Amino acid sequence: MKGLSHITKNTTFVIAGASGDLAKKLLFPALFTLFRRGYLPQPTYIVGYARSKIDHDTFIAQVTANIKDPGNDPDFVAQLDGYKSILSYQAGSYDDGTKYDELDKYLQSLEANFPGEERNRIFYLALPSAVFVEVAKNFREHVYSKSGSNRLVVEKPIGNDLDSAQQMVHDIAKFWMEDETFRIDHYLGKEIVKNILVLRWANGFTSGFWDSDRISNVQITLNESFGTEGRGGYFDSAGIIRDVIQNHLAQIFSILAMERPATLSPKNVIDEKGGYTDDDGVPKDSTTATYAASVLWVNNKRWEGVPFILKAGKALNESIVEIRIQFKDAPKGLYDDDISRSELIMRLQPGEAIFLKLNIKTPGFESGVVSTEMKLNYKETFPSAFIPAAYEVLVRDVLNGDHSTFVRDDELVAAWKIFTPILHWTDGKDGEPKPVPTKYKYGSRGPNGLDDFLAKYGYKA
Ligand code: NDP
Ligand code: BG6
């Protein structure tokens, strides 16, 4: 993949599906943050495109409703007004080429204000995946800039199993080159996920314990205290494995398990992440649509015998996303046999933090062992740091042409290869019986049997 240039000027974003939930809740607020912090090219226009007939004022109100005034910036109101002045909306169609021609004319009318000849266009598919290919094709055929850089940002999900994902990748690739295509997995934009590479390779000591000699098991957990409210239709056809495990948790897994890349270039990093295609997949342990716990094994020397437990669920007792690396028992003989195991815990949310759970001497005259935590809480350690939201990171990376936080075609296929057998099994395909669902109560810790499942794979509470 050849390197892409940084886009620094004369840019138009076209957000397809701008009338929708993602656009309102996450994308337009993220673009505002980049605008007010000076990270958008100069000048920039942002054009919403969708089928709904929405007048200008209603559109502006919709896409700025989720932007909150922090209350500590006297420039905020002026910045928001400035942002609103670069927003506009065009109603159109997803399958009618003439509507895209009209959109192209409209973009040209905006671009007439740009200095010089450069015209960069970023097309964002904030749409249901059923229309990804059609819209990608029409953007390429009718709205592609002839005098600048063009980038296509594709949301998830791409496909619902291996075959359909490969088909969609292939169909989009007929119109957009791989280096123009940015497949979103917003977990790759999260601060703690981006920190894993640094933690692993910018510290001499971490490489000494990052393997099966020291590590007993790894858990990657995404628990949400809310259900599928408002997205039940989509979720019903997807289920928790397709929704977050096959993509978000599999991405974290690959960064934890990968070998050291030769350099930090997107190509080298993604090549190493892609090494996980050798896994022999997940056992058929998880059956429920809203909760799943699965185990991946990595067939190489470094990870021989170390289970990576990927678990996620909706409607649980708390919202927490964390990576928990549990080390093997300390050598026996000096202290009680039941002392706690050490753990390295990286908490993605709520509140970025890194903990090292370790044993120390019980303070005072006691000579026993007590388990405690060394804690790096980002808010306390970096009180004035700006930690960007995932979509802010990713939109900026699109502008910078940095693919390392996006999903390359072969990575996507590798992730689907791992999960398609279990998905077909739980879908009741391949002649297998449909598993009996295990129910759990809204607000509970998850299905009964979870603790046994974790214990089976070596986790000691
Ligand atoms: P929406 O259901 O809100 O759809 C976005 C827009 O697409 C709608 O406003 C509608 O616009 C159009 N649309 C809806 N259904 C159809 C259809 N069947 N055929 C054609 N157009 C349709 O989706 P979201 O905004 O929630 O999600 C957009 C993308 O982002 C999806 O791929 C989703 O998986 C992904 N995503 C969403 C997240 C979220 O929090 N919402 C989080 C992570 C990813 P109109 O009718 O005006 O054309
Ligand atoms: C999305 C899933 O991709 O990720 C949602 O579709 C899930 O179901 C969300 O809630 C979790 O993302 P975050 O950033 O809120 O942890």
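Both ligands and their constituent atoms are indexed starting at 1 by order of listing. Nothing here was measured: the structure is a model prediction, and the numbers come from that model.
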Non-hydrogen atoms of Gly351 and Arg347 that approach each other most closely:
O-NE, 2.9 Å

Per-atom filter on ligand 2: closer than 4.0 angstrom to a heavy atom of His248 are 1 (C), 3 (O), 4 (O)

Tyr187 neighbourhood, listing ligand 2 atoms whose heavy-atom distance to it stays under 4.0 Å:
12 (O), 13 (P), 14 (O), 16 (O)

Report the relative orientation of the aromatic rings in Tyr391 and His186; use parallel for angles under 30°, tilted for 30 to 60°, perpendicular for over 60°.
parallel

Is ligand 1 under 4.0 Å from a heavy atom in the side chain of Phe132, in the backbone, in both, or in neither?
side chain

Tell me whether Pro128 reaches ligand 1 (any heavy atom closer than 4.0 angstrom to a ligand atom).
yes

Ligand-side contact atoms (ligand 2) for residue partner Lys190, heavy atom cut-off under 4.0 Å
13 (P), 14 (O), 16 (O)

Judging by distance only, is a nitrogen or oxygen of Leu127 under 3.5 angstrom from one on ligand 1?
yes

Do any N/O atoms on Leu26 end up under 3.5 angstrom from N/O atoms on ligand 1?
no

Should Tyr94 be counted as touching ligand 1, given the test is an N or O pair under 3.5 Å?
yes

Under 3.5 Å, N or O to N or O, is Ala50 touching ligand 1 that way?
no

Numbered in order shown, the ligand 2 atoms found under 4.0 Å of a heavy atom of Lys156 are 1 (C), 2 (C), 3 (O), 6 (O)

Output the list of atoms in ligand 1 that are nearer than 4.0 Å to some heavy atom of Ala126, sorted by atom number.
5 (C), 28 (C), 29 (C)

Could you work out, for atom 35 (C) of ligand 1, the closest of Lys24, Lys25, Lys156 by heavy-atom distance?
Lys156

Kindly write out the residues that satisfy ring-ring contact (aromatic ring centres under 6.0 Å, His included) with Phe226, not counting sequence neighbours, or none if the list is empty.
none

Can you tell which of His248, Glu155, His186 gets a heavy atom nearest to atom 36 (N) of ligand 1?
Glu155

Just jot down the ligand 1 atoms closer than 4.0 angstrom to any heavy atom of Pro157, in number order.
34 (O)

Working to the nearest 0.5 Å, report the span between OG1 of Thr33 and CZ of Phe28.
13.5 Å

Roughly how far, to the nearest 0.5 Å, is OG of Ser129 from NZ of Lys156?
10.0 Å

Side-chain donor-acceptor contact under 3.5 Å, Gln108 with Asp104:
yes

Using the benzene-type ring in the case of Trp, are the ring centres of Tyr144 and Trp176 under 6.0 Å apart?
yes

Can Tyr391 be said to touch ligand 1, with heavy atoms closer than 4.0 Å?
yes

Within the 4.0 Å heavy-atom cut-off, what Ser52 brings close to ligand 1 is both

From the candidates Ser19, Ala130, Ala16, Ala18, the one that places a heavy atom nearest atom 9 (O) of ligand 1:
Ser19

Just checking, is any N or O donor in the side chain of Arg151 or Ser149 under 3.5 Å from an acceptor N or O on the other one?
yes

List the residues meeting salt bridge (Lys or Arg N to Asp or Glu O under 4.0 Å) with Glu141, not counting sequence neighbours, and say none if there are none.
Lys137

Drop me the distance from Thr64's OG1 to Phe32's CZ, to the nearest 0.5 angstrom.
9.5 Å

Nearest non-hydrogen atom to atom 41 (N) of ligand 1 belongs to which of Asp21, Val131, Asp243?
Asp21

Taking atom 11 (C) of ligand 2 as the point of reference, which of Gln349, Lys314, Glu224, Arg242 owns the nearest heavy atom?
Glu224

Hydrogens and angles aside, do Asp161 and Ser164 bring a side-chain donor and acceptor to less than 3.5 Å of each other?
yes

Proximity winner for atom 6 (O) of ligand 2, if only heavy atoms of Val321, Asp243, Leu222 are counted:
Asp243

Are any of the N or O atoms of Arg51 closer than 3.5 Å to those of ligand 1?
yes

Centroid-to-centroid, His403 to Phe182, below 6.0 Å?
yes

Working to the nearest 0.5 angstrom, can you tell me the gap between Ser254 OG and Leu188 CG?
7.5 Å

